[in-house]
Chemist: 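Structure incoming, see below.
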Protein chains: 2
Amino acid sequence: MGSTCHNIAKAYGWWLILKALPKRSAEAAAEIAISMVNLAKDDPRRVIHSIKVGLALTLVSLFYYFQPLYDDFGVSAMWAVVTVVVVFEFSVGATLGKGLNRAMATLLAGVLGLGAYRLASLCGKIGEPLLIASFVFLQAAVSTFMRFFPNIKARYDYGFLIFMLTFCIVSITGYRQNEIWELAHKRLSTIVIGGFASLLVSIFVYPVWAGEDLHNLVALNVEKLGSFLEGFGIAYFNIPDELAKDDKSFLRGYRSVLNSKNIEEALANFARWEPAHGQYRFGHPWKKYLEVGALIRQCAYRIDALNGYLVPDIQATVETSEEIREACVKMSLESGAVLKELASALRAMTQSPTSVDARLASSKAAAKSLKLPLLGSASWEDVELVKVIPLATVASLLMDTVDCTEKIAAAFHDLASQAHFKKIEHSPLSDKSQTAFQTASENQISSSRDDCPHAVILLGEITPVTNTVNGDSIEALSGQHV
Amino acid sequence: MGSTCHNIAKAYGWWLILKALPKRSAEAAAEIAISMVNLAKDDPRRVIHSIKVGLALTLVSLFYYFQPLYDDFGVSAMWAVVTVVVVFEFSVGATLGKGLNRAMATLLAGVLGLGAYRLASLCGKIGEPLLIASFVFLQAAVSTFMRFFPNIKARYDYGFLIFMLTFCIVSITGYRQNEIWELAHKRLSTIVIGGFASLLVSIFVYPVWAGEDLHNLVALNVEKLGSFLEGFGIAYFNIPDELAKDDKSFLRGYRSVLNSKNIEEALANFARWEPAHGQYRFGHPWKKYLEVGALIRQCAYRIDALNGYLVPDIQATVETSEEIREACVKMSLESGAVLKELASALRAMTQSPTSVDARLASSKAAAKSLKLPLLGSASWEDVELVKVIPLATVASLLMDTVDCTEKIAAAFHDLASQAHFKKIEHSPLSDKSQTAFQTASENQISSSRDDCPHAVILLGEITPVTNTVNGDSIEALSGQHV
């Protein structure tokens, strides 16, 4: 009786699972669909890229559909398909780099493989396989070892792989087939056809330029740090801000900057393969972007340390830090504004505006002025000194970021002159807005003693440059190159 | 006359260049040879790996040498060569992952490609190529899009590539050749043979395990931070140190930790493919290493900020900071020692020794005690306060690193229990050495007021664990996986 009950219960359990199955799989399918839509929304270029790959492959399969072409190439036309699948990458630079690597390596390895085969064939029935085996062994070992060189790894890794592969196929197949010339010729020409199909589609159908991605990524990273710094002072000192967004996500944006090294290096390597396009001439100083990127990361490490002080229980209360607050807020605001202006200038491909120098000077003055209240203050003994340590740290880290900002500005100046960015005319408008900023900024600083809300309304006015931050998408997109 | 002179001068110039050519190329060759030797010295496993690749390729070419094998497979044996070249990676995990991806994708795409071909062949002369073209387009677009998913990209990227490739070849070739079954079968079996050859050589000839690399990399990174912290206090406060090495490279070692994220993630992905080996069981918690790694990097960002204060002109002079110095040196020493002990425990795969808790408590006590001199100090007004800001920052950052150290210790504890690391017995020896450390440490701290050199001699005695740091080599080595 108990056993029957148990069996019934078991069957009921199974029935429940089976009944839930369609619902569950429907849920899973919906989840997958949602994440696919999000992936596409994050960067619509992904969808376009997928369609481009399909297009290039369908193009190449024409070799099979049209009799005359097929008669020429036969089964070798398969190599064109393989080439498209393997070579077609997200950006033009990556596609071009892989295609050139593949073509050059195939050519070189074809010639050397033929030479090895001819040399071996002079050595008689027993000598031939032995000699070929030792050639294969030697070149495989040497090529594999060469791939460990960092410089070769970065740009020619795929070429060495294909060299190894083609050399083996040509020299070994030579031992068996006597159509070795034909094999080498067919393989090379089908690879060239596949490579060209990929390249044409890659360049002429909504091209994605790695160089442009690198340019935008660096600008975005500078802007993220700028947003953090602009928001930090207000958030740290709990200045009531009427215009402040509830959304504090701009304080987290800098995190993706911390690990941007590999993406930037990969993009710079791809960019070096790309021809002149748009505003980027041939020989655009891509390496300079890496220098700017390194300085940005250095600044981001300081900002990560700063971010640790945004925890309520160690956050400074406004009362205890009257004197230092002004200087800190000014440093944070001004260096944030400098970074945002640099980001805008980079996006617009112009030299840095003159206001950058003024703001840098102003933030440095604030850093200097910070030492005076500390020196002259008589109120140190009244204050609980435990509260001073984190505040002094914040001040000191902000002084560090001011230094970093200065370095970034200098590196940007270098980049801008090497890349021949346009000089912007000293327009009356920019003068005016600069003066307006300074007045507003001074108002803010001086008035913040009396009434913070008013100060912060001004603050909202003086930072009109808000670009849409679309970091994750660029990051994820570039991640695929690595 | 002038023109003749000019021509002679020009010819002489060319002659000089030609004369220098052999010397220059000899120099270039020597340079390359030296860098090759260095590359091999940095990590001898590179040489072994190169030889292994040569071996596997030579093994596979046996298919061509021996008549019976050749008769079975014909030209398809080429796929075995291709598989070895493409699949053979530095570590077992990467090789296994690529091999499985390749085999499974070929099988699946072969079956689906055949199905597509059969379906299309029902549609008549005109429908067939159209249907096949649309199948090719659809699967290429969908597969390419799927490769954008971060999870798929991390583990199955190569599988999707091969799926695309095989599906195209099988379905297109089907349109032309009627030996499609044979093609699919031959391609799959040669790939399996090539994959097995790679795998056997990879596993049985000096295997390189990605898991072990990850394990060692994390241990090395923890140790690097430990070395920095142990050395920082002494270097910052300019404590004369008789035993101090002139070589301050240990203060730079932490830098490679800053950008270790991608390497660690790649290694963890490879490690998940690997079977149980050595002390690593199946299901070893590789993901936990990533958590520890993230905390290590967080600590490294603080250390990068700290490192900025090791510049002579902002370095604290011993006189101004008598009270804080002790606490700072203690925090830096103790947390450094904790990290080094954790690194040793990780290397030995044991639970963290009890001394870790004692040291953590001691460093936290030092952090707490730091607040007391600051609170009680009457000497603040005598001191130049400008000098206090950097010092307060250093103290505060050190307090942060103490927090980080605690988190790292907790994460290590988690890892150790999940990975079933051995518990170390509470041996009398470790008790003794612990007591010795504490006494020495206390001596050091209390005596540092009077005579620093003596204190630092003790310091040399209490940190006997010095493992060889071989970071660059591991880093470069792992870099190839990315």
Side-chain angles (χ1 to χ4, degrees), chain A residues 39 46-47 49-51 53-55 57-58 61 64-65 70 78 81-82 85-86 129 133 136-138 140-141 144-145 147-150 153 161 164-165 168-169 172-173 175-176 258-259 261-262 301-302 304-305 308 371 374-375 380 385-386 388-390 392-393 395-397 400 476 480 482, chain B residues 39 46-47 49-51 53-55 57-58 61 64-65 70 78 81-82 85-86 129 133 136-138 140-142 144-145 148-150 153 161 164-165 168-169 172-173 175-176 258-259 261-262 301-302 304-305 308 371 374-375 380 385-386 388-390 392-393 395-397 400 476 480 482:
Chain A
L39 210 62
R46 288 175 183 151
V47 180
H49 173 68
S50 307
I51 293 170
V53 173
L55 189 70
L57 263 181
T58 316
S61 36
Y64 273 87
Y65 296 156
Y70 181 66
M78 185 175 70
V81 173
V82 174
V85 172
V86 174
V136 166
F137 180 84
L138 254 183
T144 307
F145 189 74
R147 290 171 73 194
F148 283 112
F149 277 100
K153 176 137 215 75
L161 186 112
M164 220 154 56
L165 202 148
C168 288
I169 291 179
I172 294 174
T173 316
Y175 177 60
R176 283 286 153 193
L258 295 170
N259 293 307
K261 188 173 185 246
N262 293 42
Y301 300 150
R302 301 294 178 280
D304 190 54
K371 292 166 186 170
L374 280 173
L375 256 174
W380 278 102
L385 276 161
V386 178
V388 174
I389 301 184
T393 311
S396 186
L397 286 170
D400 276 8
Q480 78 140 341
V482 183
Chain B
L39 210 62
R46 288 175 183 150
V47 180
H49 173 68
S50 306
I51 293 170
V53 173
L55 190 68
L57 264 181
T58 317
S61 34
Y64 273 86
Y65 297 154
Y70 181 64
M78 187 174 68
V81 174
V82 174
V85 172
V86 174
V136 164
F137 180 85
L138 255 182
V142 171
T144 307
F145 189 75
F148 284 112
F149 277 100
K153 176 137 213 79
L161 186 112
M164 218 153 54
L165 203 146
C168 287
I169 291 179
I172 294 174
T173 316
Y175 177 59
R176 281 286 155 195
L258 295 170
N259 293 307
K261 187 173 184 249
N262 293 41
Y301 300 148
R302 301 292 177 280
D304 191 54
K371 293 164 184 173
L374 279 173
L375 258 173
W380 279 101
L385 274 163
V386 178
V388 174
I389 301 184
T393 312
S396 187
L397 285 170
D400 277 6
Q480 77 141 345
V482 185

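The analysis underlying the following values was restricted to heavy atoms, covering all of them including side chains, and did not include hydrogens, waters or symmetry mates. By convention in this document, chain letters (A, B, ...) are assigned in the order of the sequence lines, proteins followed by strands, and residues within each chain are numbered from 1.
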Chemist: For chain A, which of B:Leu55, B:Leu57, B:Leu258 has the most heavy-atom pairs under 4.5 Å?
Modeler: B:Leu258
Chemist: Run the side-chain contact (heavy atoms from CB on, under 4.5 Å) test against A:Leu161 and tell me which residues pass, sequence neighbours left out.
Modeler: A:Arg147, A:Tyr158, B:Val85, B:Val86
Chemist: By side-chain contact (heavy atoms from CB on, under 4.5 Å), which residues pair with B:Ile51, not counting sequence neighbours?
Modeler: A:Phe137, B:Val47
Chemist: If you count heavy-atom pairs within less than 4.5 Å of chain B, which of A:Leu138, A:Leu165, A:Val82 leads?
Modeler: A:Leu165
Chemist: I'd like to verify something: which residue of B:Ser50, B:Gly54, B:Ala305 has the highest number of heavy-atom pairs under 4.5 Å with chain A?
Modeler: B:Ser50
Chemist: Measure up the A:Phe148 and B:His49 rings against each other and bin them: parallel (under 30°), tilted (30 to 60°), perpendicular (over 60°).
Modeler: perpendicular
Chemist: Would you check if the side chain of A:Arg46 reaches a backbone N or O of A:Leu39 as a donor-acceptor pair within less than 3.5 Å?
Modeler: yes
Chemist: Heavy-atom distances under 4.5 Å only: say whether A:Asp304 touches chain B with side chain, backbone, both or neither.
Modeler: both
